[in-house]
Each structure stands twice: as structure tokens, then as C-alpha cells.
Amino acid sequence: MLERTAKKREKRDEALPRRARQSPKVSAPCHGGTISEDESIISISTSSRPSSPPPIRKLTKPSAKPPPKPKPVVQSKSVPPKKGKKKEKVKMYPKDYAQMLLDQPPDPSAKRRQRFLKGMNIFYTGGDMTWASDATRGRMDLIVQHGGNLFPVFDPALVTHIISETSSPEPMLRALGLKKLGEVPDHIPIVKWNWVVSGQEGALGPLWEFAAYANRIPPIDVPVRSGKGKERAIVADQSRISAKQRKRSIHDSEDEEDDERQGPQVGPLQSPPSSRRLTARTDGPSTSRVKTEAADDPLAEFYAKARFDRDNAWSRHGEAGEDEDETDIDEPASDSDDDTAQKPGPPPPKGGWTCDSKEAQVKNGPNEFIAKKLEELMHLHKAKPGMDNHWRAFSYTKALRPIRKHPKPIRSYSEARKIKGVAHKTALKIMEIVETGDLRRIGYENTADVQIRKLFQGIYGVGQQTAYQWYAAGCRSLKDLKAGKGGVTLTPAQKIGIEFYDDINDRMPREEAQALFELIKPIALEINPKLEVEIMGSYRRGKADCGDIDIMITRCPDDGKTHAGILHHLLKALHEKNIITEDLALPEDPFDNEAIYRGLCRLPKFGSRRRRIDFLTVPWKSRGAALLYYTGDDIFNRSMRLKANRLGYSLNQKGLFAGVVRDPRNRTVKTNTGNIVASETEEEIFRMLGVPFQLPHQRVRG
DNA sequence: CAACAGATTCC
DNA sequence: GGAATC
DNA sequence: GTTG
């Protein structure tokens with residue numbers, strides 16, 4: 001095994017056993033999913049084709065291909081989608097989308113709207129990595145609707161305003177087709193989208209107040225990582241819009257060096273005017289006011305009861321108390337469920353209620369649009385380094401479910417506050433969304449650097465820290481990484497992660513997971529017919545699409561033998577059959593009774609894509625715990641573990657332990673590992689925790 | 001003010 | 001021992 | 001970011 005590990009890091013192909021290596025990738029032209037160079041690099045087409053036709057409104061000649069039909073971008077309520085015809089979204093460069101808008105007849109309904117951008121020639125860039133995002137499309141729509149002349153390409157002679165949504169100038173410059181900020185004529189202001197928002201909210205604010213960049217020197221504000229993995233504040237310079245800025249826009253001088261900071265003019269960063277009223281009212285004096293308000297609400301009990309009733313209704317059929325344990329009732333696992341439960345097969349037919357109805361409910365709730373926005377913000381936080389961001393995102397995760405489940409549209413702050421997981425800050429955000437249909441915080445968090453880090457984090461084996469460091473090293477695209485720009489080095493797994501970037505990030509249809517499993521299982525049984533081979537993960541939960549395949553292997557040791565060593569043979573066999581194509585992480589000892597393997601696999605057929613696959617072998621006695629753990633879902637697991645902890649247990653993939661003693665200082669250190677109480681079957685564990693048994697497909701919480 | 005899960009593997 | 005993954 |  002060690003030899004394999006060593007070999008593996010040379011080249012990916014070398015990692016494969018001889019036979020697997022024999023078939024060169026070329027012979028199996030499965031380019032289906034690998035990311036193309038085009039998509040991996042950041043480039044905004046406008047910059048790459050500066051020679052496009054002049055951006056005049058009546059421009060007739062389409063710049064590139066005939067623009068596809070418009071796709072109304074459903075945006076905030078303040079901007080109703082135009083003419084309700086829906087077209088499926090077509091991938092387009094921002095520039096092409098802009099062009100398409102120009103080619104469209106003016107929207108008559110826009111007449112009713114204030115056209116405060118009338119007469120302005122606007123170039124907009126949202127910093128989109130490649131294709132025009134929904135946000136970009138929506139904003140371009142708005143610019144046009146408000147009377148602005150949207151320019152697909154930047155023409156310094158014609159453009160009067162640049163609206164940039166990138167925190168650092170580089171992405172914008174790419175879009176402009178320029179090298180440095182100094183090349184932008186001084187008379188053309190560069191402002192953030194907030195400026196337009198100010199127009200929507202009444203009157204356009206003074207340009208200087210919305211300056212996108214504090215100065216025009218590219219502030220290589222590339223955050224430098226400190227010595228060892230300590231988080232570093234990423235201080236964007238956008239808050240330092242001061243007199244300097246004001247002068248710039250007035251005098252067109254860009255070389256001010258004065259450091260005078262007079263009352264930091266945090267234009268774009270201040271709290272949204274839209275929610276100001278509300279904030280002032282409820283938030284003003286103190287939170288106590290808010291609390292009183294909530295407590296006084298005669299409906300408070302009703303909501304709580306409603307939730308309780310609903311939860312109980314579900315648990316009657318095996319669906320335990322929702323998020324956390326609090327809600328679950330002491331109901332012994334129903335016997336009837338137990339037998340069906342053993343089999344991981346397809347979900348059994350349901351009676352009066354259906355999971356589907358529940359799913360639908362969760363997805364189409366009246367507050368879905370709120371959840372969407374918050375979720376977006378959550379993802380942005382997730383992309384940032386540091387524990388605080390981690391927990392912030394975690395917190396949103398917890399609040400999202402209750403929000404989605406809230407039966408009626410949230411209308412007031414106090415109503416929002418009553419929702420589990422929603423406290424002051426989130427309630428304010430919810431109200432901002434309710435009132436304006438948007439969350440400005442998203443715009444200002446969703447900066448270009450975050451986008452790039454998110455791209456990096458899509459690589460297997462890359463998390464916040466690494467993404468951050470790479471960005472700091474100057475990498476801006478997958479190409480940069482591959483080139484080793486800034487001295488970055490990639491681990492073998494990361495190289496694979498880049499090579500199969502979108503294969504790995506895409507989900508596969510359930511059928512494909514099934515096909516792979518049915519292909520693999522016999523191979524395992526061939527090695528040893530007494531093996532128990534189970535597929536877990538989202539497949540077992542019955543999902544229609546799966547992000548990966550989790551396979552558990554165990555064996556009853558009745559006859560004194562175990563499955564030790566089979567993983568080694570199985571992996572070898574699968575490599576030989578070209579089912580497993582790449583290794584990501586090998587078990588430390590593949591002959592151990594307990595081992596984990598991670599890798600990529602694919603159906604051995606033309607054009608099939610790489611899929612993530614995990615194997616784990618577990619001791620017979622902990623098969624229940626492993627099954628439970630790897631079946632998830634994540635949120636469900638967390639609540640199980642949480643409840644276990646509260647009851648004085650400790651739950652992990654090996655089993656449920658009692659009497660665990662932890663070091664009071666470092667709670668992660670167990671001075672006493674405790675005694676295993678349950679682990680052989682899922683039912684057993686559910687019972688010990690007093691949670692009504694739930695079939696895999698019922699364990700969906702996230 | 002602490003907790004928010006815990007174990008394994010890679011580097 | 002930190003980072004990343006599940 | 002929220003909860004206890």
C-alpha cells in the first residue's frame with residue numbers, strides 16, 4: 001500500500017495499478033465532464049473582444065451570435081419580471097446578455113418606472129467569472145428599465161458611468177479590457193451598484209458617495225496570510241471613501257496622497273435605508289423592546305403550538321421531531337417500521353401522508369424567497385476563512401429550515417423573531433428582504449475575491465485556508481493554479497480535483513449511482529460471498545440525484561473470519577476493471593477491519609463521467625452506527641449527536657457510547673471513552689436516544 | 001461566555 | 001498539529 | 001450568528 005501511495009503522487013496515471021494505467025485516457029474519450037479550459041479561466045468576454053460594435057442603443061448588428069431569447073430574471077419585488085414569458089436560461093457572457101437587452105424592444109412597462117438613468121451610458125460589470133450570473137442579468141435588466149444605455153463593451157469615448165461590483169479593480173479592468181485603473185478616463189465615475197439602488201429608493205445619491213474604489217491604484221489588497229493558518233482580516237478598502245474620493249470626482253485628480261480621514265464616509269456600507277424605518281422602530285431603544293413585543297404577541301403560542309402539532313403529526317409516522325431533539329416525543333420506535341427499515345431498498349409506499357408533500361412544502365413555502373437570499377449569504381460566509389464565518393454560516397443553516405417551514409409569509413419583525421434560529425440580526429435581514437426583495441449585504445459580501453475563492457474551494461482537497469492562501473499568492477483561475485503561479489503547489493488529490501472539477505462537483509442521477517453499485521457489489525461478493533455490502537448516503541435516503549456513492553462493507557464474524565483485507569482486493573479488482581480511475585485518499589491500512597477509501601469511479605462505458613466514491617469497511621458490531629452516520633443527512637446527524645450529548649452519550653460512526661468523560665478544559669479530549677451501548681443496528685441507536693425510528697428517506701432535514 | 005460533532009487521512 | 005472531508 |  002505504501003508503495004502505492006508513493007507512486008501515486010507522481011502522476012495521476014501512475015497512481016493506477018499497472019493495468020488500469022494501460023488504458024490511456026485517450027482511448028476512453030470521456031471528456032464529458034472535465035472542465036474545459038475556457039470555463040476554468042476567468043475572463044469576461046467584453047475584455048477579450050474589445051473590438052465589438054459600438055454600444056449604441058439602436059445598434060443592430062449583434063456582436064457575436066444571435067442573442068438567445070431573453071430570460072426574465074426574477075428579481076426583487078421592486079422589479080417585477082417583465083412580461084411573464086419564461087425561457088430556459090441560456091449561458092451567455094455578460095456582454096452578450098447586455099447586447100441582447102439592447103436588441104430588445106423597449107419594455108413598455110418600464111415607462112411607469114422612474115427612468116433616473118436616462119441619458120447615461122453605462123457599462124456594468126458584476127465580476128462574473130464567465131457566464132452572466134442571474135444577479136448580473138437582473139442588474140442589467142434594471143439599468144435598461146431605468147432608462148440607462150447599457151453598453152456591452154467599454155468605450156471610453158461614449159461611456160459615462162461604470163458600475164462595478166467587484167471589490168478589487170482587477171476583475172473590472174478585465175471586463176473593461178484595460179490594464180490599470182489609470183487608464184480609465186478620470187471623468188468616468190466608477191460606482192457600486194448601491195448607487196442605482198439609491199435611485200430606486202428615491203433619488204440618485206452623489207456619485208462620490210458610491211465610489212467603487214477608494215483610489216485608483218489597484219490596491220493589491222491581496223490579503224497576506226500570516227505565519228501559520230491564522231485567520232487574517234481581509235480589509236477591503238471600500239470603506240475608506242473619504243474626501244479624497246469626493247475630490248477625485250470633482251477635480252478629476254487621482255494622485256492625492258493626503259491621508260486626511262475625516263469621518264469615514266461609509267457610503268455603500270451603511271445599513272440599508274429600506275430597513276431603516278423598521279430598524280429605528282423596533283431596534284432603536286434596545287432589544288428588550290423587541291423581546292417584549294414578541295412576548296406580547298398573542299400569537300406566539302399559536303405558532304409554537306402549530307409547529308409542535310405539525311412535528312408530531314410527522315413523527316406519528318416515524319418522522320421524529322424536527323431539527324433538534326427537543327421536539328421529539330418519547331415514542332418507542334414503532335415495531336411495524338422496524339422490519340421495513342432493515343432493508344435499504346426503495347422507500348416503502350406511504351399512506352395518508354407523503355414525504356413528497358413534505359418536500360414540496362419545504363420547497364414552495366411562502367417564505368422561500370427569503371430562504372434563498374439567506375442561503376446565498378450563508379454560502380458567502382462559508383467561503384470566508386475563520387471560525388466566526390464558519391459559525392455564522394452554521395447558524396444560517398439552522399435557521400433556514402424553520403424559515404422554509406413557516407406556514408405563512410413573514411410580514412413583521414416580531415413574526416420573524418419567533419422563528420427558531422432567528423434572532424435580531426437575521427430578523428432584520430429577513431425584513432430587509434421582505435421589504436426590498438433584496439439583501440444588500442449579499443452584494444457587498446459577494447465580491448470578486450470571494451467568487452474566486454469559491455471556485456478554488458470547489459476543488460477536492462481545498463478548503464477556506466488553502467483557497468485564501470492561493471488567492472493571496474495571486475492566483476485567480478484554475479489555470480493559474482495549474483501553472484503554479486505564486487509558487488502554489490498542488491497535492492495529488494488537488495490535481496485530480498482540478499482535472500475533474502465539474503465532474504466532481506456535479507451530482508449524478510440516482511440511476512447512475514445504482515448502476516455503479518450494482519456493478520461493484522457482485523465484484524465484492526465474488527471476492528467473498530459472505531460480505532455485506534450496502535450503499536448509503538443520499539442514495540439510501542432515496543434522493544433522485546447523488547453527489548457521491550458511499551459503500552459500506554462488513555461481514556459477520558460468526559465463523560471466526562472477518563472482512564479484513566478485502567478492501568485491498570476489491571480496490572485492485574475495481575482498478576483493473578477501470579471502474580475506479582483515481583485514488584484520492586487511501587486507507588492507512590487496507591487490510592484493517594476498519595478502513596476508509598476515497599476515490600473516483602465511472603461506469604465503464606463511453607462518455608461516462610467521473611463520480612466520487614467512498615468505501616468503508618467497518619467491524620460487524622458497528623455496522624449500525626456506520627450506516628446511520630453515512631446515511632445522514634448531515635443535519636439529521638447533527639441533531640442525533642446533539643441529543644446523544646445531552647443525554648450523556650456520545651455518538652459517532654462506531655457507536656453510541658455512555659459514560660464518556662471529557663476533559664473539562666478541552667471537551668474534545670475524552671479522558672474516558674465510555675462503554676459502547678449500541679452500534680449494531682440503527683434501530684437500537686434510535687431507541688437508546690428515544691428518537692422514533694425513521695426510515696432513511698425520512699431523515700431529510702437539510 | 002461557551003457551545004455549536006467527531007474521527008480519519010493527508011501534508 | 002492544521003486542514004479537509006464525510 | 002443563535003442559544004442557554
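Lettering of chains follows the sequences in order, A, B, ..., and the numbering in each one begins at 1.
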Shortest side-chain distance from [X], nucleotide among [options]:
X: Ser395(A); options: dA5(B), dT2(D), dA7(B); answer: dT2(D)
X: Lys425(A); options: dA5(B), dC10(B), dT2(D); answer: dT2(D)
X: Leu642(A); options: dC6(C), dC4(B), dT8(B); answer: dC4(B)
X: Arg638(A); options: dT3(D), dA5(B), dG1(D); answer: dA5(B)
X: Gln653(A); options: dA5(B), dC10(B), dA7(B); answer: dA7(B)
X: Arg598(A); options: dC11(B), dC6(C), dT2(D); answer: dC6(C)
X: Tyr460(A); options: dC6(C), dT9(B), dC11(B); answer: dC6(C)
X: Thr466(A); options: dC6(C), dG1(D), dA3(C); answer: dA3(C)

For [X], report the nucleic acid contact type (base, sugar-phosphate, nothing); a contact means any heavy atom under 4.0 Å.
X: Asn637(A); result: nothing
X: Leu374(A); result: nothing
X: Asp550(A); result: sugar-phosphate

Mapping Thr491(A) and Glu594(A) onto DNA chain B by nearest heavy atom, which one lands closer to the 5' end?
-> Glu594(A)

Hey, which sits more toward the 5' end of DNA chain B by its nearest nucleotide, Ile596(A) or Asp634(A)?
->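 Looking at DNA chain B, the more 5' nearest nucleotide goes with Asp634(A).
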
Pairwise salt bridge (charged side-chain N to carboxylate O under 4.0 Å, His left out) hits with a residue in residues 455-464 of chain A, at least two apart |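 Every pair satisfying salt bridge (charged side-chain N to carboxylate O under 4.0 Å, His left out) with a residue in residues 455-464 of chain A: there are none.
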
At under 4.0 Å, does any side-chain N or O of [X] touch on OP1 or OP2 of [N]?
X: Arg441(A); N: dG1(D); result: yes
X: Lys429(A); N: dG1(D); result: yes
X: Asn652(A); N: dA7(B); result: yes

Between [atom2] on [N] and [atom1] on [X], what's the gap in Å once rounded to a whole number?
X: Glu445(A); N: dG1(D); atom1: CD; atom2: C1'; answer: 13 Å
X: Leu600(A); N: dT5(C); atom1: CG; atom2: P; answer: 13 Å
X: Arg392(A); N: dT3(D); atom1: CZ; atom2: P; answer: 15 Å
X: Lys654(A); N: dG6(B); atom1: NZ; atom2: C1'; answer: 10 Å
X: Tyr468(A); N: dG2(C); atom1: OH; atom2: P; answer: 19 Å
X: Phe456(A); N: dT5(C); atom1: CZ; atom2: C1'; answer: 20 Å
X: Ile504(A); N: dC6(C); atom1: CD1; atom2: P; answer: 10 Å
X: Phe636(A); N: dC4(B); atom1: CZ; atom2: P; answer: 19 Å

Would you please name every residue forming a side chain to side chain donor-acceptor pair (under 3.5 Å) with Thr631(A), sequence neighbours left out?
-> Arg540(A)

Has Tyr630(A) got its ring stacked on the base of dC6(C), with centres under 5.5 Å and planes less than 30° apart?
->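 No; centroid distance or tilt outside limits.
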
Within 45° cone and under 6.0 Å: Arg453(A) NZ/CZ vs Tyr468(A) ring | no

Has Arg612(A) got its NZ or CZ under 6.0 Å from the middle of the six-membered ring of Tyr597(A), at an angle within 45 degrees of the ring axis?
-> no

How far does the [atom1] atom of [N] sit from the matching atom of [M], given to the nearest Å?
N: dC6(C); M: dA3(B); atom1: P; result: 27 Å
N: dG1(D); M: dT8(B); atom1: C1'; result: 29 Å
N: dC4(B); M: dT5(C); atom1: P; result: 22 Å

May I ask you to test the Ile496(A)-Phe500(A) pair for a side-chain heavy-atom distance under 4.5 Å?
-> yes

So do the side chains of Phe686(A) and Met640(A) get within less than 4.5 Å of each other, counting heavy atoms only?
-> yes

Among Arg611(A), Arg609(A), Arg610(A), salt bridge (charged side-chain N to carboxylate O under 4.0 Å, His left out) partner for Asp503(A) | Arg609(A)

